[in-house]
Participant: 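The following block contains the structure, expressed as structure tokens.
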Amino acid sequence: MTEGTTSAAAEGADTLTRLEQEGEIAADYLEGLLDIADLDGDIDMDVEADRASVSIISDTGGRDLQKLVGRDGEVLEALQELTRLAVHRETGDRSRLMLDIAGYRAKKRTELSELGAKAAAEAKSSGKAVRLDPMTPFERKVVHDAVKTAGLRSESEGEEPQRFVVVLPA
């Protein structure tokens, strides 16, 4: 191995360790939150696409956990930000941690991927740009990825919270 390869491997291991630490801190924070709210849920941690991913799942169908998702995921977004702040407080580093509760984000990711593919197909067939409704940063990222997979380009326009995706024809 060359020196560059060795340092790259060490850097990758350091990143994985740091992301696992973020997940551990987030899990501890969320367990405390579940205890305070008297809600049942299991915490699952992973590292996906260079970010820590933490999920709260329930064996009982997650009905109680829906309170933590809220309308259109608003409570989930707020809890994700609070969890990121808890990680930042412990590590001193900004976190890009993703939080999912009761499979909400996983389901949303599937729906948004389909929306992105459909918008890409429409842009290809019409030759015109397709503008989508305003979305959160997470939602826009999923749509951008789906459009890229379909072989087209997309961009975000507007100002938060009215920022939206525009799918561009070839």
Side-chain angles (χ1 to χ4, degrees), residues 6-116 132-149 154-156 158-165:
T6 305
S7 65
E11 188 175 301
D14 288 347
T15 299
L16 182 60
T17 301
R18 181 180 51 80
L19 293 174
E20 288 172 344
Q21 179 190 17
E22 282 186 18
E24 293 286 339
I25 294 166
D28 290 344
Y29 176 78
L30 292 166
E31 281 183 15
L33 180 84
L34 289 173
D35 287 344
I36 290 168
D38 195 28
L39 295 172
D40 290 326
D42 295 321
I43 309 250
D44 184 34
M45 296 178 300
D46 200 0
V47 174
E48 298 173 2
D50 292 332
R51 66 171 56 185
S53 175
V54 179
S55 300
I56 302 175
I57 53 178
S58 174
D59 295 335
T60 61
R63 201 160 202 55
D64 284 344
L65 292 181
Q66 291 303 318
K67 296 172 188 172
L68 298 179
V69 173
R71 186 175 48 104
D72 296 327
E74 290 174 339
V75 176
L76 171 58
E77 289 288 334
L79 287 174
Q80 177 175 276
E81 287 306 309
L82 289 172
T83 305
R84 286 177 174 177
L85 286 171
V87 170
H88 176 73
R89 185 185 67 225
E90 292 289 321
T91 65
D93 295 326
R94 183 178 175 273
S95 174
R96 296 177 53 233
L97 176 129
M98 287 295 291
L99 175 63
D100 191 5
I101 299 174
Y104 177 82
R105 278 201 200 276
K107 180 181 172 206
K108 192 77 169 168
R109 181 176 278 123
T110 301
E111 292 170 358
L112 290 166
S113 291
E114 291 170 2
L115 174 66
L132 301 176
D133 291 335
M135 299 177 190
T136 67
F138 160 76
E139 293 169 335
R140 290 193 309 270
K141 169 78 170 104
V142 173
V143 171
H144 286 305
D145 290 347
V147 169
K148 183 178 181 180
T149 299
S154 58
E155 17 183 83
S156 293
E159 298 293 322
E160 294 292 352
Q162 296 299 314
R163 201 153 167 79
F164 58 94
V165 174

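No hydrogens, no waters, no symmetry mates; every other heavy atom, side chains included, goes into these values.
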Participant: In Å and rounded to the nearest 0.5 Å, what is the OG1 to CE distance from Thr83 to Met98?
Facilitator: 12.0 Å

Participant: Name the one of Glu22, Arg84, Arg18 that satisfies side-chain hydrogen bond (donor to acceptor under 3.5 Å, both in side chains) with Ser95?
Facilitator: Glu22

Participant: Please find the pair of heavy atoms, one from Asp72 and one from Tyr104, that lie closest to each other, and give the distance.
Facilitator: C-OH, 3.2 Å

Participant: Could you check whether any side-chain heavy atom of Glu139 comes within less than 4.5 Å of a side-chain heavy atom of Glu111, counting everything from C-beta outward?
Facilitator: no

Participant: What's the spacing between Asp38 CG and Asp64 CG if we round to 0.5 Å?
Facilitator: 9.0 Å

Participant: For residues Leu82 and Tyr29, determine if any side-chain heavy atom of one lies less than 4.5 Å from a side-chain heavy atom of the other.
Facilitator: yes

Participant: Do you know which two heavy atoms are closest between Pro134 and Pro161, and how far apart they sit?
Facilitator: CB-O, 3.9 Å

Participant: Run the side-chain contact (heavy atoms from CB on, under 4.5 Å) check on Val143 and Leu132 step by step: do they pass?
Facilitator: CA-CA 10 Å; Val143 171; Leu132 301 176; 3.7 Å; yes

Participant: Is any side-chain heavy atom of Val47 less than 4.5 Å from a side-chain heavy atom of Glu20?
Facilitator: yes

Participant: So, do Val75 and Lys67 sit near enough that their side-chain heavy atoms are less than 4.5 Å apart?
Facilitator: no

Participant: Can you tell me how far apart OG1 (Thr110) and CG (Leu115) are? Round to the nearest 0.5 Å.
Facilitator: 12.5 Å

Participant: When you measure from the side chain of Thr91 to the backbone of Asp93, do you find a donor-acceptor pair of N or O atoms at a distance under 3.5 Å?
Facilitator: yes

Participant: Answer yes or no: are there more than 12 heavy-atom neighbours, outside Glu159 itself, under 6.0 Å from its atom CD?
Facilitator: no

Participant: If you define the side chain from C-beta out and look only at heavy atoms, does anything of Leu34 sit under 4.5 Å from Asp40?
Facilitator: no

Participant: Say you draw a straight line from NE2 of His144 to CG of Leu112; how long is it, rounded to the nearest 0.5 Å?
Facilitator: 11.5 Å

Participant: Check whether any side-chain heavy atom of Phe138 sits under 4.5 Å from a side-chain heavy atom of Gln80, and report yes or no.
Facilitator: no

Participant: Would Arg140 and Phe164 count as a cation-pi pair here, with the cationic atom under 6.0 angstrom from the ring centre and within 45° of the axis?
Facilitator: no

Participant: To the nearest 0.5 Å, tell me how far Ile101 CD1 sits from Ile56 CD1.
Facilitator: 4.5 Å

Participant: Evaluate the side-chain contact (heavy atoms from CB on, under 4.5 Å) criterion for residues Glu77 and Thr136: first the C-alpha distance (whole Å), next the side-chain angles of each, then the deciding distance (0.1 Å), finally the verdict.
Facilitator: CA-CA 9 Å; Glu77 289 288 334; Thr136 67; 4.2 Å; yes

Participant: For Ala27 and Met45, work out which heavy atoms get closest and say how close.
Facilitator: CB-SD, 3.7 Å

Participant: With side chains defined as the heavy atoms from C-beta onward, is the minimum distance between Leu68 and Leu39 less than 4.5 Å?
Facilitator: yes

Participant: Give the minimum heavy-atom separation between Val147 and Gly116, together with the two atoms involved.
Facilitator: CG2-O, 3.7 Å

Participant: I want to check something: taking the side chain as every heavy atom from C-beta on, are Val54 and Asp46 in contact at a cut-off of under 4.5 Å?
Facilitator: no

Participant: If you measure from CD1 on Ile43 to CG on Leu99, what distance do you get to the nearest 0.5 Å?
Facilitator: 8.5 Å

Participant: Does any N or O in the side chain of Arg96 come within less than 3.5 Å of the main-chain N or O of Arg51, such that one atom is a donor and the other an acceptor?
Facilitator: no

